[in-house]
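First the structure, in the form of structure tokens, and then the observations on it.
Values below: every heavy atom of this structure, side chains too, minus hydrogens, waters and symmetry copies. Small disclaimer: the values here were computed from a predicted structure and weren't measured.
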Amino acid sequence: MSPLATSEVHAAVNRAAAQLLDAAGPDGIVSRKDIRTKLLSLEGAERDLVDALYRFIDRRDPERSTRMTKKTIDTALAYVRTELVDRFDLDNNGLSEDEVARMSELGKLAVGLARSLKSSTGPTGEALAQKLQTLSKGLFFDGYFGTEGGTPLQVTHTAAKLSQLTRETFRAALKLTDGPEHEIVRFEPAERCLQALVNAHADMPEQEQAEALVQFMKEQLRELHAVLIGRDAGYDTQWEHGLYIVGLDAAGNLAGLKTHVVWT
């Protein structure tokens, strides 16, 4: 998935703060009773962030009995944006997966809501698979993992609710067997593989299409990985290895491309 702009995370934090202020009511003070009532009306990533933000601001108050006001919320927001979000965008080009992994729990919850809001208008499941089908039509894979000659691309989509893409979750989602043909021999971030896909179409009429496909995958899929399956059969034996270039959509489905490479 492409880096998430810090402005989008700020918007998620601002949204959570607005929920706190809404909970306050006419007196402008957020009591513990107010926040309990507000949380009952929320769900999912938004509820988790509002709850965490309230607790964070409450802990910052040296006098625990002091009630929360707009002033204390605004002061805490400035700190959250600067120290818990912006400080982790090391190269100022958006938050990558590695940068998010180093964030505090509150920061990660803000990222979670930001992604949820961003993906609410994007395709998932079958709709995403259909878009991948359109973008990948006529393209091929070549130039990485030792493939001999361009091999066509197919779209792969498996309904799931995965929170992470690992060797284990990939194996379980595709119901791979313990046989040598399903052994995972490479599992790595997909960036070099995606770049090879674009490079294979350099100076060809399909170059822009390949670039659009890769950009779409980075925007709509997180934890993109290249997965090569099939144990090498040995010297002087041709072996066709399945290659998956996949990630997780906003709903946790496994989606992406499938092709193969040939070693001789």
What heavy-atom pair brings [X] and [Y] nearest, and what distance separates the two atoms?
| X | Y | value |
| --- | --- | --- |
| Val30 | Ala24 | CG2-CB, 3.7 Å |
| Ala110 | Val9 | CB-CG1, 3.7 Å |
| Asp249 | Gly125 | OD2-N, 2.9 Å |
| Leu113 | Ala12 | CD2-O, 3.8 Å |
| Thr177 | Arg171 | O-NH1, 2.9 Å |
| Pro189 | His225 | N-CD2, 3.8 Å |

Looking at [X] and [Y], would you say the former's side chain and the latter's main chain have a donor-acceptor pair under 3.5 Å?
| X | Y | answer |
| --- | --- | --- |
| Glu206 | Leu139 | no |
| His241 | Gly230 | yes |
| Glu99 | Leu90 | yes |
| Asp89 | Asn93 | yes |

Quick one: does [X]'s side chain get under 4.5 Å of [Y]'s, heavy atoms only?
| X | Y | answer |
| --- | --- | --- |
| Ile229 | Glu183 | no |
| Leu20 | Leu53 | yes |
| Ile35 | Asp51 | no |
| Leu95 | Val111 | yes |
| Tyr244 | Thr259 | no |
| Phe141 | Cys193 | yes |
| Leu224 | Leu221 | yes |
| Ile73 | Met68 | yes |

Quick check on the hydrophobic clustering: are [X] and [Y] connected, directly or via other members, by side-chain heavy-atom contacts under 4.5 Å?
| X | Y | value |
| --- | --- | --- |
| Ile184 | Leu162 | yes |
| Leu77 | Val50 | yes |
| Leu39 | Ile29 | no |
| Ile245 | Val185 | yes |

How long is the span from the [atom1] atom in [X] to the [atom2] atom in [Y], to the nearest 0.5 Å?
| X | Y | atom1 | atom2 | result |
| --- | --- | --- | --- | --- |
| Leu213 | Lys131 | CG | NZ | 10.0 Å |
| His260 | Gln154 | NE2 | CD | 9.0 Å |
| Phe88 | Asp98 | CZ | CG | 13.0 Å |
| Leu135 | Gln209 | CG | CD | 7.0 Å |
| Thr158 | Leu174 | OG1 | CG | 4.5 Å |
| Met217 | Ser136 | CE | OG | 9.0 Å |

Between Phe56 and Leu84, does a side-chain contact (heavy atoms from CB on, under 4.5 Å) hold up when you go through it step by step?
-> CA-CA 12 Å; Phe56 173 80; Leu84 303 188; 4.1 Å; yes
Which salt bridge (Lys or Arg N to Asp or Glu O under 4.0 Å) pairs, counting each pair once, include a residue from residues 13-31, with sequence neighbours left out?
-> Arg15-Glu46, Asp22-Lys38
Listed once per pair and sorted, the salt bridge (Lys or Arg N to Asp or Glu O under 4.0 Å) pairs that draw on residues 77-86, sequence neighbours left out |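 Qualifying pairs, neighbours excluded: Glu83-Arg87.
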Modelled atom types, side-chain donor and acceptor of [X] and [Y], under 3.5 Å:
| X | Y | answer |
| --- | --- | --- |
| Glu219 | Gln215 | yes |
| Thr166 | Thr169 | yes |
| Gln207 | Glu211 | yes |
| Thr37 | Asp34 | no |

Dump the intermediate steps for side-chain contact (heavy atoms from CB on, under 4.5 Å) on Gln19 and Leu49, then the final yes or no.
-> CA-CA 10 Å; Gln19 293 286 13; Leu49 179 57; over 6 Å; no
Considering residues, nucleotides and ligands other than Arg167, do more than 12 of their heavy atoms fall under 6.0 Å from its CZ?
-> yes
Should we count NZ of Lys108 as having more than 12 external heavy atoms under 6.0 Å?
->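 Counting neighbours around NZ of Lys108, more than 12 heavy atoms of other residues, nucleotides or ligands fall under 6.0 Å, so yes.
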Asp74/Lys70 salt bridge by N-O under 4.0 Å criterion | yes
Are Glu8 and Arg115 close enough for a salt bridge, meaning some N to O gap below 4.0 Å?
->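 No, this pair does not count.
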For this output row, return yes or no: ring centroids of His201 and Phe140 closer than 6.0 angstrom.
->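 Ring-ring flag for His201/Phe140: true, centres closer than 6.0 Å.
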Taking it one step at a time, do Leu197 and Leu257 satisfy side-chain contact (heavy atoms from CB on, under 4.5 Å)?
-> CA-CA 11 Å; Leu197 192 158; Leu257 305 172; 3.9 Å; yes
Establish, yes or no, whether the cationic atom of Arg60 lies under 6.0 Å from the six-membered ring centre of Tyr79 and within 45° of the ring axis.
->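 Because its charged atom sits under 6.0 Å from the ring centre and within 45° of the axis, Arg60 does stack over Tyr79.
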Tell me, with the steps shown, if Arg32 and Tyr54 meet side-chain contact (heavy atoms from CB on, under 4.5 Å).
-> CA-CA 9 Å; Arg32 287 175 172 79; Tyr54 175 84; 3.1 Å; yes
